[in-house]
Each structure stands twice: as C-alpha cells, then as structure tokens.
Amino acid sequence: MMPEINLPDVLAEVQAVFARYEAALVGNDRSTLDELFWNSPHTLRYGFSENHYGHAGIAAFRASLPVQSPPRELLRTVITTYGRDFATANVEFRREGSLQAGRQSQTWMRTDEGWRVVAAHVSLLG
C-alpha cells in the first residue's frame, strides 16, 4: 500500500522543523542541531569531506568546528512526507559570497521526541 504523500498537517510539521534546523545551522546553534538529529548509533551524516556514524560521532564533529555554517541562500527546497512518520528534505543552496552551488539531503523520522534527522548528506557541486 502506498503511503499518503504530503498530508497537509504532516507537511506543515516537517516544514516547521526544517525551518528550525536551518535557523540553527546558520546561527551556529549546536545544541539545537544535536537535538534535531536522532540520538541513535544508526544515524549518519555524510559531509563535504567526511563521514560520521552515530549521533555521538556527528555531535563530536560538530563540536570540533569553530563555526557551523556560513550564511547561505536556499535556492530550492523540496520537502516530501510519506505517511505520517517519514519525510525527506532536499535543498539546493549557495553560500554567501560564492557562486558554487551545494546540495543537502535529509531523511526525517517521527520519534517519541518529535521529528529527527536519521540520515543527512551535504556536498558542493563542481
């Protein structure tokens, strides 16, 4: 059976949590970023030049950075929900002062604590 795609209430929830994530990212709010990743050894994040496995590894990497992310412009954001408990968020972005575009993908899952990123990937084009 196919899950219902983009139920309006679920889509609104994921759009809101994604906006919270984006604000935390550009605001260097590490505690919110750590909160929004699923606290599990199954969580993963593939970065520009590194791979991180498990919430602890992702949080340790983030803590080692002097600044989380430079300001950026979101060029295109596509959020899709599948049923009531699963979603993807895909973004094309450009960092401030750069012509180079980047991509970010996130897989979100509803948990007892709320929506959490269970897998993420970020890369630059070219």
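Side chains are part of it too, since the values below use all heavy atoms of this structure and drop only hydrogens, waters and symmetry mates. Just so you know, residue 1 is the first one in the sequence shown, and it goes up from there.
Under the 4.5 Å side-chain heavy-atom criterion for grouping Ile, Leu, Val, Met, Phe, Trp and Tyr, V117 is connected to V122 within one hydrophobic cluster. A single hydrophobic cluster is not seen to contain both F48 and Y53; linkage of ILVMFWY side chains at heavy-atom distances under 4.5 Å, directly or through other members, places them apart.
The ring-ring contact (aromatic ring centres under 6.0 Å, His included) test applied to H52 returns F61, not counting sequence neighbours. In terms of the side chain to side chain contact (heavy atoms under 4.5 Å, CB included) criterion, residue partners of A119 (sequence neighbours excluded) are, by chain and number, L44, T107. Listed by chain and residue number, L7, R84 satisfy the side chain to side chain contact (heavy atoms under 4.5 Å, CB included) test with D9 (two or more places apart in sequence, or in another chain).
Counting only residues at least two apart or on different chains, the side-chain hydrogen bond (donor to acceptor under 3.5 Å, both in side chains) pairs with a member in residues 32-44 are R20-E35, D29-T32, D34-R62.
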Practice prompt. Check step by step if side chain to side chain contact (heavy atoms under 4.5 Å, CB included) holds for V10 and E4.
Written response: CA-CA 10 Å; V10 179; E4 293 183 81; over 6 Å; no
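Considering every non-hydrogen atom in both G83 and P3, the closest pair reads N-CB, 3.6 Å. Taking both residues in full, the closest heavy atoms of H55 and F37 are given as CD2-O, 3.2 Å, listed atom of the first, atom of the second, then distance. Scanning all heavy atoms of the two residues, the minimum distance from L36 to W115 falls at CD2-O, 4.2 Å.
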Counting only pairs under 3.5 Å, give me each side-chain donor-acceptor contact of residues 73-81, with atom names and distances, residues two or more places apart or in other chains.
{"from": "T81", "atom 1": "OG1", "to": "N6", "atom 2": "N", "distance (Å)": "3.1"}

Can I get a per-line list of side-chain donor-acceptor pairs under 3.5 Å for residues 86-103, giving both atom names and the distance, sequence neighbours left out?
{"from": "S98", "atom 1": "OG", "to": "Q100", "atom 2": "N", "distance (Å)": "3.0"}
{"from": "Q100", "atom 1": "NE2", "to": "L125", "atom 2": "O", "distance (Å)": "2.7"}

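Here CG of L33 is found 9.5 Å from CD of E22. Values are rounded to the nearest 0.5 Å.
Taking 4.5 Å as the limit, some side-chain heavy atom of I5 sits within range of a side-chain heavy atom of Y82. Considering only heavy atoms from C-beta on, V17 stays 4.5 Å or farther from E13 through its side chain.
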